[in-house]
Amino acid sequence: MMTSKGQQVIQQWYREKNWEQFPFQAEMMDAYLNGYSGLLNAPTGSGKTFALFLPFLAGFINQHPDTFKTQQNNGLLMLWITPLRALTNDIRKAMQEACNEMGLPWRIMTRTGDTSAAEKSALKKKLPEVLLTTPESLHLMLAQKEYPKLFSQLQVVVIDEWHELLGTKRGVQVELGLSKLKVLGSKSEVLNQKSKDLELKSHDFPLKIWGISATIGNLEQAAEVLLGNDFPKEQIRMVRANLEKKLDIRSIIPQNIENYSWAGHIGLKLLPEVMEIVAKSKTTLIFTNTRSQSEIWYHAILDNYPEYAGIMAMHHGSLDNELRNWVEAALHAEALKLVVCTSSLDLGVDFRPVDTVVQVGSPKGVARFMQRAGRSGHHPGATSLAYFVPTHSLELLEGAALKEAIKAKIFESRDPLLLAMDVLIQYMVTLAVSDGFKAEELFSEIKTTYAFADLSRSEFGQLLDFITTGGKTLAQYDEFLKVEVENGLYKVNSRRVAMRHRLSIGTITSELSIRVKWLSGGSLGTIEESFVSKLKPGNTFWFAGRSLEFVRVKEMTAYVKKSNSTKGIIPSWNGGRMPLSSQLAAVFRLKLDEVAHGLERDVEVKALKPLFDLQQKLSHLPQSHEFLIESFKSKEGHHLLFYPFEGRLVHEGMASLLAYRISKIKPASFSIAMNDYGFELLTDEDIPIEEALEDSAFFSLDNLIDDIQHSLNANEMARRKFRDIAHIGGLVFTGYPGQQIKNKHLQASTSLLFEVFSEYEPDNLLIRQAYNEALAFQLEEFRLRAALQRIQSQNIILKVIERPTPFAFPIMVDSLGREKLTTETLEERIAKMARSYGAEGVAEPAERKSRKPGITRKKGF
DNA sequence: GACCTGCTGCGGCTTG
């Protein structure tokens, strides 16, 4: 094959930079120059930015072989979208340097929330050749008058980190944005072709769209979603980097498994073992699952290993940005030996000096663990070293499952969202705010997206009604009449409506948080309203790794001063709940089956032998064709324990469902507890479980939805989902920047809307969406069905047990957490419970306790 | 207002 001028220039420039090291770069160049769009599957640190930027440059040079060094442009040629504004600056710098070195007089700019007003207006006057932006900022651009001009010269759009967006509403927003760019881009290219007679190989979609994605279970589908339904299949390419990353994963095995905790999730008992690893490593990242767990670990290390003061830092999403940036910079500068963090450090730039990663507690998913493990040994060819620290005994088996899954290359999928009406409504108003839209034109554009392929014309009609007249229900309220129709053009004429809309573009909603500031000025981060409300002036709490005395709260800010107290509570945040992924759960069940068959391949399984022996002795070790139920009586009542090993969300739904089905035989009220492995039904009456099991309907899928509606407070679940939907759909205004409307008011108004719709317009599309979201995300209906189906084909083993088994114990401890009034720490209560049940293997508060800091894992006082 | 272990991410500054 002839190499074009563009390729020669690029190759010459890139030669010193190890082009040959990444063979996929050549394949990418070829795909791009031949007019393909598609998906590049490459991890961070593989030069993926250049893999797309350089082919684009080569294409440009080919179009202007003699003049490219002087070629002036009057428009945007490349749009680069990333989910993280922090990434835009690094990418911009790298691109700009490349252009400078090649003598190309180009400007690379960013447009995000961080871009100054001056820069934004500069952008409006003269567009750069390359613009780096976020999905939200793209939509803000679409909300500008005469936005088509911005994109009239556009040749390629790159969606970086597509796997992070796919499966979220931000992803849907990207799909909608692309459907518009495709129309604008193709129109302009047709013009270009006529006037300049460009020689392009493909003409249907001259706008190229490329996604960059880490490995996920559904890459092919990821490409489909990105490109939409109308993209010609023969114009799509998948380029795979196929860079094998060597991983060395080791579980930390508690020395005496019989004395290791059966329950719990903090894992501090293994602190000495972890610190041994830290001491031997150059730089270590300790990943925890929650922000409060990071604080707890940081505090414990500082207390027990004071020599780490100054060379250790913490990083999580509620810490001030300035602090987080400092930590990242210090990591790069190799000034830190240890960072305790959450997944906030998952993203972003690579941390080259890191040689060891420690994961405390189950990462709950294969991909998440891979990504974290990959943070260490960040040189091409280097081996990543990651340790898994179980926080309770049985979790050790997850370590074995993780290794197995990684070996078998099992990855989670990101399921694309369908028919997110709230996002669509927002988009429609966005277009109405700028130049307005024609209904039929827009409908056909929207139909090209994967998300709205099944949108019916009548549903679209309902949405049009909704934004123009408020729909059936809200027609009397001016507040909701946003869009007007003039000669078939849907337009927003009110400046107030337009501005409010621009203020609320985006799909990320969050709880109102309180900023924590020193009395002397300077911000530490944010904590939640509910936590602050429990503080009294003079109280001490630990946050951002410091002991703080609460002074007062004023205008959404909690003022604090330094405290010398070594005791204090640690805030916890209400974040998302991460159930065990279905892929990891499946491998976990596989491991359990091996255990039941007496196979002891893994060190983890060997170590757990005493625990499994006890489980077998007291009850049973289920094989893969068996389903274990344990029945047990105590002074609290009748306990039933079920073990689907399917993740806690599914267990929550299944527990309510089965409780409901039992109560049809004999009325009773149940209390429910669950973890990722199973769930417990507890009632003070005798449960007719044998009778229930004889009925084939017990685990049946028949009447599933109906029974779920009866057994769970489906209304309440939908009402909670509706709150976010109402925000995104623009039904409530969250206030001007800096003066947010009180949470309680918003709560009340979305709740009211939910009721009004439910009563007068039950077929309302947003209400329907709320129920669907509750079913899909809260209940994981799909997994619930699959689990029920599996159980139906299994042999049910019902064991009457004398006392809690190793499987049962952690679940029953879980239910302790819900008791409202107690002054004991969880640890004390576990110990007490262990004594009262005579359960073996439950550690008394260990001898290490004297070294431990005065942390109680309690919320509030 | 509910959650009780629970991550991450963006954007906007003027009307009525």
Side-chain angles (χ1 to χ4, degrees), chain A residues 82-88 111-115 117 120 133-140 143 161 164-165 168-171 173 263-267 287-294 296 315-318 341-348 361-365 368 371-372 391-392 478-479 494-511 528-531 570 572-579 648-649 673 675-676 713 716-717 719-720 723 728 733-740 743-744 746-748 750-751 813-820 826 857-860:
Chain A
T82 91
L84 273 173
R85 54 179 179 217
L87 290 178
T88 55
R111 198 265 182 240
T112 70
D114 294 336
T115 308
K120 278 179 199 160
T133 188
T134 59
E136 287 80 6
S137 282
L138 169 64
H139 279 252
L140 281 162
E161 312 268 342
E164 290 287 347
L165 294 164
T168 71
K169 289 187 181 181
R170 297 182 81 195
Q173 211 168 19
H265 61 272
I266 298 295
F287 279 103
T288 63
N289 283 338
T290 73
R291 286 165 277 188
S292 114
Q293 198 178 5
S294 277
I296 291 169
H315 195 287
H316 65 68
S318 292
C341 58
T342 63
S343 36
S344 56
L345 212 69
D346 265 355
L347 308 151
S362 166
K364 307 283 183 197
R368 190 176 291 117
Q371 188 181 13
R372 290 182 183 172
T391 56
H392 58 86
D478 297 350
E479 182 82 29
S494 152
R495 284 188 63 192
R496 179 168 184 266
V497 169
M499 190 202 61
R500 283 179 163 223
H501 181 75
R502 280 195 214 101
L503 285 173
S504 41
I505 280 180
T507 60
I508 299 171
T509 56
S510 50
E511 295 286 328
E528 287 183 5
E529 212 178 4
S530 57
F531 180 77
I570 289 179
S572 78
W573 290 261
N574 271 325
R577 304 204 286 164
M578 296 175 289
R648 57 181 303 138
L649 293 183
N675 66 9
D676 276 322
N713 200 343
E716 198 44 50
M717 283 166 59
R719 183 193 300 271
R720 240 172 284 149
R723 202 182 63 166
I728 297 168
F733 181 59
T734 48
Y736 291 99
Q739 38 181 351
Q740 266 99 9
N743 239 14
K744 282 197 178 124
L746 286 177
Q747 190 90 23
T750 56
S751 196
V813 167
D814 198 65
S815 69
L816 288 178
R818 349 171 131 214
E819 279 171 34
K820 286 208 170 106
L826 188 61
R857 193 63 202 92
K858 260 192 300 172
K859 283 186 188 179

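In what follows, every chain begins at residue 1, and chains take the letters A, B, ... in the order their sequences are listed.
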For H316(A), answer base if it contacts any base atom (sugar-phosphate contacts may also be present), sugar-phosphate if it contacts only those atoms, and nothing otherwise; contact means non-hydrogen atoms under 4.0 Å.
sugar-phosphate
Under 3.5 Å, is there a donor-acceptor pair between the side chain of R170(A) and the main chain of P83(A)?
yes
For dG16(B) and R496(A) - does any side-chain N or O of the residue sit under 4.0 Å from the phosphate oxygens OP1/OP2?
no
Could you tell me whether the phosphate oxygens of dG11(B), OP1 or OP2, come under 4.0 Å of any side-chain nitrogen or oxygen in S137(A)?
yes
Given dG12(B), dC7(B), dA2(B), which nucleotide is nearest the side-chain atoms of S343(A)?
dC7(B)
Within the 4.0 Å heavy-atom criterion, would you say K364(A) contacts the bases, only the backbone, or no part of the nucleic acid?
base
Which is true for T168(A) with a 4.0 Å heavy-atom rule: it touches a base, it touches only sugar-phosphate, or it touches nothing?
nothing
Which residues satisfy the salt bridge (Lys or Arg N to Asp or Glu O under 4.0 Å) test with R500(A), sequence neighbours excluded?
E479(A)
Scan R577(A) against the nucleic acid and name what it touches under 4.0 Å (heavy atoms): base, sugar-phosphate only, or nothing.
base
Using whole Å, what does the distance between atom C1' of nucleotide dG6(B) and atom CZ of F531(A) come to?
16 Å
Does dG11(B) have its OP1 or OP2 closer than 4.0 Å to a side-chain nitrogen or oxygen of R85(A)?
yes
Presence of R502(A) side-chain N/O under 4.0 Å of dG12(B) phosphate oxygens OP1/OP2
no
What's the verdict on side chain to side chain contact (heavy atoms under 4.5 Å, CB included) for I728(A) and T509(A), showing C-alpha distance, side-chain angles and the deciding distance?
CA-CA 8 Å; I728(A) 297 168; T509(A) 56; 4.2 Å; yes
Determine the contact category for G506(A): base if any of its heavy atoms lies under 4.0 Å from a base atom, sugar-phosphate if only primed atoms, P, OP1 or OP2 are that close, otherwise nothing.
nothing
Is the distance from OP1 or OP2 of dG16(B) to the nearest side-chain N or O of R495(A) less than 4.0 Å?
no
Shortest side-chain distance from E511(A), nucleotide among dC7(B), dG1(B), dG12(B)
dG1(B)
Closest nucleotide among dC10(B), dG12(B), dC7(B) to the W573(A) side chain
dC7(B)
Please check: side-chain N/O of R368(A) versus main-chain N/O of P363(A), any donor-acceptor pairing under 3.5 Å?
yes
Starting the side chain at C-beta, find the nucleotide from dT15(B), dG6(B), dC10(B) nearest to T290(A).
dG6(B)
Think S504(A) has a side-chain N or O under 4.0 angstrom from the OP1 or OP2 of dG11(B)?
no
Can you tell me the distance, in whole Å, between the CZ atom of F287(A) and the C1' atom of dC7(B)?
11 Å
NA contact type, L140(A), heavy-atom cut-off 4.0 Å: base, sugar-phosphate, or nothing?
sugar-phosphate
Can you tell me if K169(A) touches the phosphate of dG9(B), counting only side-chain N or O atoms and a distance under 4.0 Å to OP1 or OP2?
no
So which nucleotide from dA2(B), dG9(B), dG11(B) ends up closest to the side chain of L84(A)?
dG9(B)
Can you tell me whether the side chain of R648(A) and the base of dG6(B) have a donor-acceptor pair closer than 3.5 Å?
yes
Options dG12(B), dC7(B), dC10(B), nucleotide nearest the side-chain atoms of R111(A):
dG12(B)
Using the C1' atom as the point on both nucleotides, what is the distance between dC3(B) and dC7(B), in whole Å?
16 Å
Select base, sugar-phosphate, or nothing to describe what R500(A) touches, counting heavy atoms under 4.0 Å on all strands.
nothing
Taking the minimum atom-to-atom distance to the side chain of S572(A), which one of dG6(B), dC7(B), dT15(B) wins?
dG6(B)
Residues S137(A) and T112(A): side-chain donor-acceptor under 3.5 angstrom:
no
Between dG6(B) and dA2(B) - C1' atom distance, rounded Å:
14 Å
From C-beta outward on M578(A), which listed nucleotide comes closest to its side chain: dC10(B), dC7(B), dT14(B)?
dC7(B)
Tell me which nucleotide among dG11(B), dC13(B), dT5(B) gets nearest to the side chain of H265(A).
dT5(B)
E529(A) CD to dA2(B) C1', straight-line distance once rounded to whole Å
13 Å
Hey, is the side chain of N574(A) pairing donor to acceptor with the base of dC3(B) inside 3.5 Å?
yes
In chain order, what residues pass the side-chain hydrogen bond (donor to acceptor under 3.5 Å, both in side chains) check against S751(A), with sequence neighbours excluded?
R719(A)
Please step through side chain to side chain contact (heavy atoms under 4.5 Å, CB included) for the pair Q371(A) and F287(A), ending with a clear verdict.
CA-CA 11 Å; Q371(A) 188 181 13; F287(A) 279 103; over 6 Å; no
Please check the phosphate of dG9(B) (OP1 and OP2 only) for any side-chain N or O of R170(A) closer than 4.0 Å.
no
Between dC7(B), dG11(B), dC13(B), which one does the side chain of T342(A) approach most closely?
dC7(B)
